[in-house]
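Contents: one structure, followed by commentary.
The chain is numbered in sequence order, starting from 1. No hydrogens, no waters, no symmetry mates; every other heavy atom, side chains included, goes into these values.
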Amino acid sequence: MAMEAHEIEALIRASFPKARITITDLAGDGNHWAAEVVDESFRGQSRIQQQRAVNAAVKPEIDSGKLHALALTTKAPE
């Protein structure tokens, strides 16, 4: 079962309520997604730390197979 953009955004927003989140369907199939997450909490963190935090927010859906692929771009606001 594929996920929808608003579902992925809701998962991320639960951990990052003030983030600017952009979700893009990369292949048009509902299985391959990209997320850009811009949040103040990322300031001073490495990109790996930022992406681990976002991955933790979506991990249950990845583990269940509902979310197949999610490419991440993370950063603190400029």
Side-chain angles (χ1 to χ4, degrees):
M1 174 188 300
M3 291 192 75
E4 295 187 25
H6 69 90
E7 294 174 298
I8 298 167
E9 181 177 348
L11 288 171
I12 296 169
R13 188 149 319 277
S15 294
F16 303 95
K18 295 182 180 183
R20 187 175 74 233
I21 302 168
T22 305
I23 306 294
T24 305
D25 186 345
L26 295 175
D29 61 3
N31 286 315
H32 298 83
W33 296 95
E36 180 181 58
V37 184
V38 181
D39 193 71
E40 185 60 40
S41 70
F42 295 148
R43 193 166 307 283
Q45 293 184 351
S46 70
R47 191 173 348 167
I48 292 170
Q49 290 170 315
Q50 295 170 17
Q51 293 188 2
R52 282 182 179 159
V54 175
N55 276 325
V58 298
K59 186 175 181 348
E61 300 302 328
I62 291 173
D63 289 349
S64 74
K66 187 172 181 184
L67 180 56
H68 177 70
L70 181 64
L72 292 175
T73 302
T74 56
K75 61 184 177 181
E78 294 181 4

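In this structure, His32 NE2 and Leu26 CG are separated by 8.5 Å, a value rounded to the nearest 0.5 Å. Here the straight-line distance linking atom OG1 of Thr74 with atom CZ of Arg47 works out to 7.5 Å at 0.5 Å rounding. For the atom pair Arg52 CZ and Lys59 NZ, the distance stands at 13.0 Å (nearest 0.5 Å). If you take CG on Asn31 and CG on Leu70, they are separated by 12.0 Å, rounding to the nearest 0.5 Å. How far CD1 of Ile12 is from CG of Leu72: 6.5 Å, rounded to the nearest 0.5 Å.
The shortest heavy-atom contact between Gly30 and Ala2 is O-CB, 3.2 Å. Contact record, Ala76 with Val38: C-CG1, 3.9 Å, taken as the closest heavy-atom pair. Nearest heavy atom pair, residue Ala53 against residue Phe16, reads CB-CZ, 3.7 Å.
A donor-acceptor pair is defined here as one N or O able to donate and one able to accept, closer than 3.5 Å; no such pair exists between the side chain of Glu9 and the backbone of Ile23. Judged purely by atom type and a 3.5 angstrom limit, Glu61 has no side-chain atom pairing as donor or acceptor with the backbone of Val58. For Arg13 (side chain) and Ala19 (main-chain N/O), a donor-acceptor pair under 3.5 Å exists by modelled atom type. Panel note: side chain Arg43, backbone Pro77; a donor-acceptor pair is recorded below 3.5 Å.
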- prompt: Between Met3 and His68, does a side chain to side chain contact (heavy atoms under 4.5 Å, CB included) hold up when you go through it step by step?
  reply: CA-CA 9 Å; Met3 291 192 75; His68 177 70; over 6 Å; no

task: Let me see the working for Trp33 and Asp25 under side chain to side chain contact (heavy atoms under 4.5 Å, CB included), right down to the final yes or no.
output: CA-CA 5 Å; Trp33 296 95; Asp25 186 345; 3.4 Å; yes

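Linking ILVMFWY side-chain heavy atoms closer than 4.5 Å, directly or via other members, places Ile21 and Ile62 in a single hydrophobic cluster.
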